[in-house]
Structures are given as structure tokens and as C-alpha cells.
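In what follows, chains are A, B, ... by sequence order, proteins preceding strands, each numbered from 1.
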Amino acid sequence: MYPQPFEYVRPESVGHALELLAQHGADARPLAGGQSLLPLMKQRLATPRVVVDIGRLEDLARVEDDGSLRIGSLVTHAAIEARDWPAPLALLYDGASVIGDVQVRNLGTMGGALAHADPVGDWGPVLQALDASVRIGSARGEREVPVAELFTDAFSTVLGPDELITAIDVPAQDAAATGAYVKLARRVGDAGVATVAVQVRWAGDGTCASAAVAVGAAASVPFRASEAEAFLAGRTLDEAAAGEAARLVQAALTPFSDVRGSAEYRRDMVAVALTRALGIASRRHAGERVEAGYG
Amino acid sequence: MTSPGPFAYVGKPTPSREAPRFVRGRGTFVDDIKLPGMLHAVIGRSPHAHARILSADGSRAARHPGVEAVVTSPEHVELTSPFRPGRYASGLGTHVPEYAMAAGKVRYVGEPVCALAASDRATAEDALSEIEVLYETLEAVTSPAQAVAPGAPLLFDEVGSNEVWRNAISYGDVEAAFREAEVVVRHTLSMHRYSSTPLEPFACVASYEKGGGTGALTVWCNAQAPEVIHDALRETLGIDDVRVVITDIGGSFGQKIHLIRKYVVITALLSMRCGKPVKWAEDRTEHLMAGGHACGQEFEVEAAVKRDGTVLGLRVREVDDVGGSLSTATIHFTNKLNNLFNTYRVGAISLEGTAVVTNKCPVVPNRGIGKPAMCFVWERTMDRIAAELGMDRLEVRLKNVVPTGAFPYTTPSGNIYDSGDYEGLLHTAAERMGYDELKAEQARARTDGRYLGIGIAMGIEPGGRNLSRDLALLPDVKGIPGSGGTSGATLRIERSGSVTVTLGVPSSGQGHETTAAQVVAEVLRIPPERVRVASTFDTTASPWGGASTNSGNNFHLYEIGAVHGAATQLRDKLLALAASVLGLPADELSFESDGVVRSKADPARKTGLVELARLAYNNTVLVPDGMEPGLQTTFMYRFPHAQPFAVPDEQRRVRAQFTFPASVHMALVEVDVSTGRVDVLRYLVVGDNGTIINPGVVEGQVIGSAAHGISVALGEAFAYGSDGQLLTRTLRDYGKSTTLTTPSIEVEHRGMPSPFTPLGQKAAGEGAAIPSPAAIASAVEDALEPLGVRVRDLPLGPESVWRLINGLPERVFD
């Protein structure tokens with residue numbers, strides 16, 4: 001399968017890339033790791049006239065860590081998976097380790113995955129739970145958008161045709177926070193049927209001071225479950241609390257159906273994923289090393 | 001009959017002949033073939049499940065720069081003849097001509113409707129959208145129930161019904177069995193649509209040259225049954241001078257017997273239209289849509305049982321969802337004669353069934369053709385009997401298997417099980433698995449809220465097909481099925497003393513070269529390294545027959561028989577030549593290792609392979625009178641023990657196949673009852689493949705086919721929407737297991753040589769794909785026994801298991 005004919009441009013710099021995007025507008029698509037765009041082009045579901053290959057712009061491939069974290073949009077999933085994250089950022093490892101397969105992780109990038117806005121994407125819920133935002137560049141200037149506001153619908157974002165995600169900013173996390181991202185899927189390597197990322201800030205008495213709960217793979221866009229978050233604040237994270245939080249998440253959810261899972265299955269799996277994610281976050285708080293993985 | 005051996009080379013682990021070239025990227029697959037001036041084809045396919053073709057216009061595409069040939073469905077029907085109805089359509093009442101492209105109507109998404117060839121693949125893809133096909137869409141039927149409902153749209157108006165075939169066969173006194181039954185066990189079961197998804201989809205290069213008469217056509221393709229291609233090209237294109245060349249094949253599994261012929265015909269027609277070579281290589285989505293599926297099969301089963309667990313008889317009603325073609329409509333039903341009684345000594349069975357056409361992909365063989373389903377019927381029924389009688393599942397099987405002393409055993413349907421020790425297989429499997437300990441562990445785990453399950457299934461792998469089988473079901477059909485089967489091997493001892501072998505079938509990666517070399521080495525007493533086996537099949541050079549499809553199931557009877565026969569002829573000739581050279585009678589000579597022939601009485605008198613070979617070719621004056629010079633022979637093998645029941649008798653008893661390996665599978669699974677996910681913790685196969693020629697080759701076949709069967713059970717499945725659109729168009733959506741979810745498969749050989757074959761060999765190919773779906777079903781049901789779950793249907797993906805646990809109906813796609 002071959003894409004429709006297209007023009008290929010490899011910009012010299014981020015500035016050059018933004019100029020090209022401004023020049024070609026909706027006719028152009030930026031190419032990063034190519035793990036989503038190229039299959040779409042081969043199936044002729046995406047038919048850009050110009051492909052702007054930003055894949056070798058080293059300025060976008062760096063991780064800066066000075067308390068808060070700036071992840072260049074071209075940092076690969078594999079690079080994130082391989083990094084030694086402190087406990088409060090274990091969510092980043094959890095998310096990276098369950099994306100596709102090794103080949104996809106070696107080439108796919110965090111910025112590319114976010115811009116693709118697949119409802120089953122893994123970075124959406126993970127980064128929402130960490131209160132991250134994306135830096136968006138264009139020839140017109142730069143803006144910052146919380147990941148929680150990035151997605152407008154399945155495969156749709158607030159990005160204009162001339163805009164590019166240049167970095168992902170993850171704010172400094174509470175030193176004692178722990179989290180977990182649980183992905184329930186038909187099998188290893190498949191897209192999720194329900195995914196939940198939680199990040200818990202713990203009070204001195206071991207109760208939950210506050211919790212971020214982000215849900216993916218169940219609705220058209222990943223979302224923060226604010227009712228469940230409000231409920232969990234100040235509570236002991238036992239089975240009953242998890243159960244009630246799960247009920248609140250389910251109440252806020254209109255799941256979709258696809259060949260991987262029906263809406264009713266997804267609704268039930270969101271509850272399972274949340275319960276398990278809270279359990280893993282608690283165990284990590286207790287100092288256990290736990291793989292979250294596929295739950 | 002005495003048991004064969006001891007062997008010098010057979011049964012020894014020797015390095016694979018093929019693996020180095022595949023691992024180093026030196027295989028030659030169809031897509032590696034590049035001819036001067038070669039064009040690249042693409043196929044236009046129906047986007048609709050059911051529609052009338054109103055018109056097709058390729059004129060704009062034909063003007064696209066780089067395009068050199070276009071064919072649309074109406075032109076195709078004009079230019080070609082339909083395929084001759086094959087054995088799997090021969091029992092149908094009405095004959096509907098089938099062409100390589102849809103004729104007048106499309107009946108499944110992906111059915112070919114047009115094609116073109118251009119200077120390169122990208123140009124071809126660009127131009128394809130310029131072929132305009134107009135359709136009148138029709139309502140699609142996507143299940144047998146829907147297809148036979150009153151007022152359902154008909155796929156084939158000529159046939160007058162979507163139920164295109166009905167048949168029934170019975171052996172023994174089924175009524176008496178049910179009269180005598182103390183308990184009748186009833187349930188409904190089903191198997192779903194899946195595929196073997198070979199790594200390499202279909203591919204073909206066709207090169208037509210004008211010439212005398214009808215011209216000459218050469219095709220290179222990855223078909224596993226050359227005769228199907230050879231026949232198809234001559235029948236549809238009217239060309240007599242046809243050459244079919246088959247190089248390396250990236251997996252076939254039955255997928256590459258039937259539907260591939262359509263694409264070879266289309267590619268050849270494009271080459272005829274432009275007079276240039278044309279290549280076509282299918283992509284994965286095309287293959288999943290239109291490359292052929294295993295049949296969806298639904299069963300109603302009743303077993304007549306005594307309270308002690310003895311099964312007196314079985315009644316099976318079957319409905320086959322055969323998709324949008326008639327040409328393989330009966331295949332999944334007829335093949336059930338092969339393992340109709342599985343491993344059991346049961347006196348009576350009746351099988352009746354219907355084939356129903358639906359707007360889905362046509363059905364084709366897939367690692368067992370209906371045999372995994374027949375095994376599923378038996379094994380799920382054995383588990384059910386055990387549950388209803390409160391017996392252990394092993395015990396019920398031990399009660400009913402053909403006893404070890406009863407071989408060769410003739411089943412009521414006329415199959416003759418050559419050898420076996422089913423009790424031994426069951427005991428060995430239980431012991432190696434630690435069955436009793438696992439049951440204790442399971443009980444402990446349940447108190448911790450963990451759901452472990454132990455699965456058991458056993459099955460046979462019938463090997464070596466008999467063309468007369470279908471006459472048992474179609475007694476009125478004359479001519480088409482034939483009887484028996486054959487394949488050939490050509491052997492040449494070179495003047496260097498090395499040996500060249502040409503087989504009568506292509507190879508799909510099953511190690512045929514390695515295995516054949518070992519057999520030649522055994523007979524001629526030379527190291528296997530001195531034997532070269534041709535890796536290319538060519539109808540102008542290979543000693544091909546008509547019955548073998550290169551599967552491990554047929555290969556081990558027909559091709560190994562042929563190789564053994566040819567090598568034996570040459571060994572006898574070497575002895576005769578040596579007798580002449582040494583001036584001694586042949587029976588005073590011994591044939592020793594490394595091709596040395598020596599006088600038994602006077603060991604100093606000897607000659608050798610090289611000396612004899614030179615003489616045979618270069619010193620013909622010394623070749624005895626009446627003996628042909630040279631050391632070359634072609635041997636066509638016929639199974640010598642085909643009687644009785646080589647053709648059906650008046651009670652319709654027939655040898656469906658000729659060798660009967662068997663295996664017991666045991667699985668240990670854990671079910672996550674919150675998500676429905678099944679993890680396979682252990683998987684064991686204890687098998688009897690008779691004399692094993694190459695342990696690595698057989699082990700690879702067992703592991704590969706077990707892994708496939710486990711994946712079939714755990715979730716790989718084709719799903720269609722109610723409009724007949726295929727929802728699973730990528731391997732990921734389709735849900736194939738990966739190495740990460742495939743358990744390590746333990747294999748133990750417990751071979752019982754066949755008394756009917758030259759080396760005691762039996763089939764070794766698809767065997768482990770036959771019981772494995774049932775073994776997983778058994779394990780999952782066992783795990784969920786405290787929840788009252790019964791497993792009747794596959795696949796057991798997480799949502800399906802979650803639905804079983806929660807008492808929800810099976811999922812239906814919109």
C-alpha cells in the first residue's frame with residue numbers, strides 16, 4: 001500500500017518547520033515518528049500534499065529536568081520507558097511501557113501521539129493525571145494548553161493547521177505523591193478497552209490529600225473525573241472508597257463501542273482499572289515496587 | 001508387521017536445511033522475483049457486502065500515465081471461462097458458474113471486481129480509484145439464521161435458497177444407542193471464523209508470451225497446491241501451455257489452496273492483455289477480507305451415555321456459515337469424516353448438516369478444515385458428560401478411548417487407526433502435568449479468590465488424503481472425487497556420489513527439504529549433507545501428482561513415501577551394479593555406511609558410491625545388459641494398504657485418511673474474573689506422530705499449530721457488522737496472539753510407529769491445532785466451575801469471558 005503522491009520537506013530548524021506549516025496550512029502534516037501518520041497515509045485515510053518531516057529536529061528531542069519537567073515533543077516512548085523516574089513520576093514509565101510494541105515505542109513520540117488524539121492513546125490520561133500541559137508553537141507565536149484541554153473529539157485537538165506541539169511540560173510533583181496507570185486491554189500490545197491514571201497526594205496520616213483521576217480509552221477523549229477526585233480527597237483509600245469513586249467515574253462516562261470492547265464492557269472495566277490503579281498507587285506509597293502494566 | 005529401524009539418520013536432530021537462508025534473508029519469495037519490463041498490478045475490490053454490479057468503466061484509469069492493462073468484472077466474464085466446479089461444489093444441486101472476478105453481483109466485502117497493471121505499484125494504486133464501478137446495493141445477510149429466515153435476500157437467485165446444501169450420514173445404530181442410554185447429554189456448541197494468517201499473503205507473477213496456438217503462460221505464485229493453479233489457468237484462460245513455478249512460500253496452512261487461484265487468473269489475464277510480465281502482491285487487509293476464513297460452525301449435540309460414563313452414540317446437527325461462494329460450501333462438513341470418532345471407541349454416530357451462504361468471506365481450509373470443530377464437539381461433550389455424571393474428566397476419556405490393544409482399529413465409519421496408545425498418552429500427560437497436584441492447588445487457590453483451571457483435550461491428526469472420501473456423502477457423483485492419492489519424488493545420484501532430490505510439492509516452510517534429505521540419507525547410508533533437495537517446484541520439472549497439498553498431513557505419507565521408494569530403487573540398483581562389478585550375487589553384498597558396498601564373505605572386496613556412479617554414467621559398456629544406465633529415478637507413491645474401504649462400501653464406510661497420529665493436550669489457566677482475561681500458565685502436548693524423522697521439524701510443527709489453536713481459543717476472530725463490513729481489517733484488530741501472550745509449549749513425543757508406512761511415520765503438521773481450542777475451553781470452564789459457567793462457544797477473549805461470568809448474552813456487532 002502506497003500513499004498518494006506528496007511533497008516531502010525536511011526543515012532545518014523548529015523555526016523553519018513552523019514557517020513551512022504556516023505556508024502550507026491544512027495541506028501539510030508534520031511527521032514525527034510516523035507510527036500513526038504513515039499507516040494512515042498508506043491506507044489513504046490521510047492524504048497530505050506536503051509532509052514536513054520534523055523527526056530529526058534535535059531541539060525537540062530533549063528532556064529538561066529542573067524540578068518541573070520539559071519533555072521535547074520528539075522524545076520517543078522508548079526513551080521515556082528507559083529513563084529512571086523518581087517515584088512521583090512513575091506514571092510516565094507506566095504509560096510508556098504499554099504503548100504498542102517495542103518497534104512502535106522506538107519510533108513513536110510523545111508529541112506525535114498527543115497530536116494524533118486517538119481516543120485509545122495512552123499519554124492523554126497519564127499526562128492529564130500529572131496536570132501536564134503542551135507547548136504549542138507556530139509562526140504566530142507560542143501558547144500553552146493543558147493536556148486536559150487539548151483534545152476536542154476523537155482524533156481532534158485544538159491545534160491549528162500551522163501549529164506544532166514542541167514540548168510537554170510536567171509540573172513538579174509532590175515529593176511523596178504516587179500514582180499508577182492501569183491499561184486493560186484484550187492482550188499485551190493491543191489498544192486499551194479502559195485505562196485509568198491516578199496520581200495521589202498523601203496526607204501525613206496516610207489518607208488521600210487529593211487525587212487526580214484521568215480516564216482513557218472509554219470515551220471519545222480522555223478526561224479527568226472531577227466528581228471522583230472530589231470524593232477521594234481526604235479519604236482513606238480502601239475498597240469502599242475505590243468502589244464509590246468508580247461509581248462516580250461511571251456516572252460521568254458515555255463509553256463507546258468498537259471491535260475491542262462494547263460500551264457495557266468498557267463501563268465495567270473503567271471501574272476495575274480505577275480500583276487497581278488506586279491499589280497500586282497505595283502499594284507504591286507503602287514502598288512496594290509494583291508494575292502497573294496491563295493491570 | 002515388524003517395527004522399523006534401528007535408524008542411522010531418521011529421528012536424529014540434524015540442522016535445518018531451510019532455516020539459514022530464511023534467517024539470512026536469502027529465501028526467494030514471489031515478491032523477490034523481478035522480470036524485465038515487469039508491471040505491477042492492484043485489484044479493485046467490492047466495498048459492499050451484497051450488491052448488483054450495474055456497470056464498470058475502466059477507460060479513465062486506462063488513460064492514467066503508466067497504466068498498461070485494465071480489466072473490469074464485465075470484461076473478465078467476457079474474456080474468461082468459469083472455473084470447473086471442484087469437489088467441494090460437486091454435491092450442490094444447482095451449478096452456478098464462478099469466475100475469478102465477481103460476475104454480475106458481489107457477495108462479500110473484498111470480492112474482486114476490477115484490476116489494473118501499471119509501471120509501478122504506486123501508480124497502479126493511484127489509478128485504481130479511476131475505475132468507476134456502479135452498484136445497486138442489496139441487503140446483506142451475515143448469519144445463517146438470518147440467511148434462512150423467510151424473506152431473506154438470496155445470494156444466489158439460481159439456487160433459490162441460501163441453504164445451499166444439506167446432507168446426513170450415520171454409522172452404527174444411533175437409535176438403539178439412544179434407546180439404551182441411561183443419560184442423554186445435550187448441548188449447543190460453536191466455532192467461529194478465523195484464519196491461519198500466513199506471514200506472506202497471496203502473491204503472483206504472470207508472464208504471457210504470444211506464440212503458436214494459445215501462447216505460453218508462466219506463473220510464479222505461492223500456491224500450496226500446484227494442480228489447483230494449473231487446472232484453473234487452463235480452464236479459465238484456455239491456454240494449454242501453462243507452467244507453474246513455486247519458490248519459497250511464507251506459510252500456507254490450507255489458506256493457499258483455493259481462493260489464490262482467482263488472483264493468479266486475474267494477474268495472468270492482465271499479462272495477456274499487455275503482453276508483459278505482471279506482479280501482484282496482496283496486502284494484509286486484502287488477505288483478511290478476501291483470502292478465506294475457517295468456517296463458522298454451529299452444533300447441536302446429543303450424547304447417549306451409560307451411568308458409568310460409556311458413550312453409546314452421538315447425534316450431531318451442524319450449520320456451516322460458508323460465506324459468499326459455492327465453491328467450498330461443503331468442505332467443513334465433508335472433512336468431518338476424517339476425525340468423526342476422534343479417539344473414541346463409540347459404536348454409533350449421526351451427523352447431519354447444512355451449508356448456508358452469507359455475505360461474508362468464502363471459507364477455505366485452515367489447519368484442519370472442520371477437524372478442530374469435530375474435536376471440539378467430542379471434547380466439550382466428554383467434559384459435559386464428566387460434569388453431569390460427577391466423574392473426573394480423565395476418567396471419562398479413559399473409559400471411552402480405543403483401547404491400546406485394539407490397533408489397528410477400524411471405526412464404524414471405516415477409518416483404520418494404524419497404531420496408537422491413547423491410554424498411555426492420557427496417563428503420561430496427567431503425570432507430566434501433575435494433574436492431581438494441580439487439582440489440589442486449584443482448590444487452595446479458590447479459597448484465595450483465584451480461579452485456576454485445568455483443561456484436557458485429545459485429538460487425532462488424520463494424514464494422507466483419500467480422494468474417494470466424499471463419495472460416502474455424494475454417492476451419485478461420478479468422476480470428480482477419484483480415489484486414493486499420489487505424489488512423486490525424483491532422485492539422482494550424481495557422479496560425485498552426492499544426491500539431488502526433486503519433490504512433487506512445494507514447501508511452505510515446514511522443513512520438507514530437511515526431512516526428505518534425512519530419509520534419502522537413511523536409505524542410501526550417506527550423511528544428509530550429501531543430499532540436496534530442490535527448493536523450487538516447477539510443473540515442467542517436478543514429479544508432481546494430483547493429491548498432495550504439501551501439508552505436513554499429506555507430506556509425511558505421500559512425499560516421504562515417494563522419497564523412500566525412489567531411494568530404495570536406487571539402492572537396489574547400486575547393489576545390482578556392485579554385484580556386477582564385484583562378480584558376486586547381490587545377496588552376498590552388504591550395503592554399508594558412506595555408500596560402501598562390501599562382500600559379506602570377503603570384506604576386502606568392496607566398491608563404493610562414487611565408483612558405481614561414474615560407471616553408471618560414463619562407462620555404460622560395463623552396465624549390465626537390461627539395466628538402464630545412470631542413477632536416476634522417479635517414484636510415484638501409492639499407499640499400499642488402502643484396502644479395505646479405499647472407496648466407500650454399501651454402508652458408506654471409507655478410509656477418509658490413512659495415518660492417525662494422536663495427542664493429548666493439557667492446559668493450566670488462570671482467569672481474572674473481574675476482566676475476563678485468561679492467562680495460560682502451562683501448556684503441554686503429549687503426542688504420537690509415529691516415527692519422527694526430524695525431531696526439530698516435528699516439534700516446530702507441534703508448537704506452531706498449538707500456538708495457533710490457543711490463539712484461536714483466546715480471541716483471534718473475524719467480526720462483521722450487520723451491514724457485512726469486516727470490522728477486523730488488521731492483525732491487531734483481528735486479535736492474533738503475539739509471542740508475549742503465547743505460553744511456552746511443552747512437547748513430549750510418545751511415538752507409536754505406523755505399521756502401514758515405510759518408516760513407521762505418521763502425519764506431522766496441523767495436529768496440535770485440532771485439540772488446542774478444546775483444551776483451552778476445557779480449562780476456562782474448569783476455572784469458572786464455582787461460578788457455574790459453561791463454555792460452549794469460542795473465542796474466549798476477555799469480554800466474552802466477562803459476559804459468561806456475568807450471565808450476559810454473546811456480543812453481537814452492529
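A:Arg186 contributes no side-chain N or O that, together with a main-chain N or O of B:Gly797, makes up a donor-acceptor pair within less than 3.5 Å. Looking only at distances, a side-chain donor or acceptor of B:Arg732 sits under 3.5 Å from a matching main-chain atom of A:Gly189.
The CZ atom of A:Arg260 sits 11.5 Å away from the CG atom of B:Leu727 when rounded to the nearest 0.5 Å. Separation of atoms CE (A:Met1) and CG (B:Asp283) is listed at 4.5 Å; rounding is to 0.5 Å. Between A:Asp190 atom CG and B:Leu740 atom CG the span is 12.0 Å, to the nearest 0.5 Å.
Between A:Asp268 and B:Arg803, none of the side-chain N atoms (NZ, or NE/NH1/NH2) sits under 4.0 Å from a carboxylate O, so this pair counts as no salt bridge.
The number of heavy atoms from other shown groups lying within 6.0 Å of OH (A:Tyr2) does not exceed 12. Within a 6.0 Å sphere centred on CD of A:Glu288, other residues, nucleotides and ligands contribute more than 12 heavy atoms. A 6.0 Å sphere centred on CG of A:Leu45 holds more than 12 heavy atoms belonging to other residues, nucleotides or ligands.
B:Arg677 approaches A:Tyr294 most closely through the heavy-atom pair NH1-O, 3.2 Å. Summarising the geometry of B:Pro798 relative to A:Ala185, their closest heavy-atom pair is CG-O, 4.4 Å, with the distance given to 0.1 Å. When every heavy atom of A:Arg276 is checked against every heavy atom of B:Ser674, the shortest pair comes out as NH2-CB, 3.5 Å.
In this structure, the portions of A:Val259 lying under 4.5 Å from any heavy atom of chain B include both its backbone and its side chain. Only the side chain of B:Thr741 comes within contact range of chain A, judged by heavy atoms closer than 4.5 Å. Residue A:Glu264 touches chain B through both its backbone and its side chain, counting heavy-atom pairs closer than 4.5 Å.
Interface check for chain B: of the options A:Gly295, A:Ala191, A:Pro5, the most heavy-atom pairs under 4.5 Å are formed by A:Pro5. Listed options A:Gln4, A:Met269, A:Arg44 were ranked by heavy-atom pairs under 4.5 angstrom with chain B; first place goes to A:Arg44.
For residues 120-130 of chain B, a heavy-atom distance under 4.5 Å to chain A picks out B:Arg121, B:Ala122, B:Glu125, B:Asp126, given by residue number. The interface of residues 806-814 of chain B with chain A, defined by heavy-atom distances below 4.5 Å, comprises B:Leu808, B:Arg811, B:Phe813.
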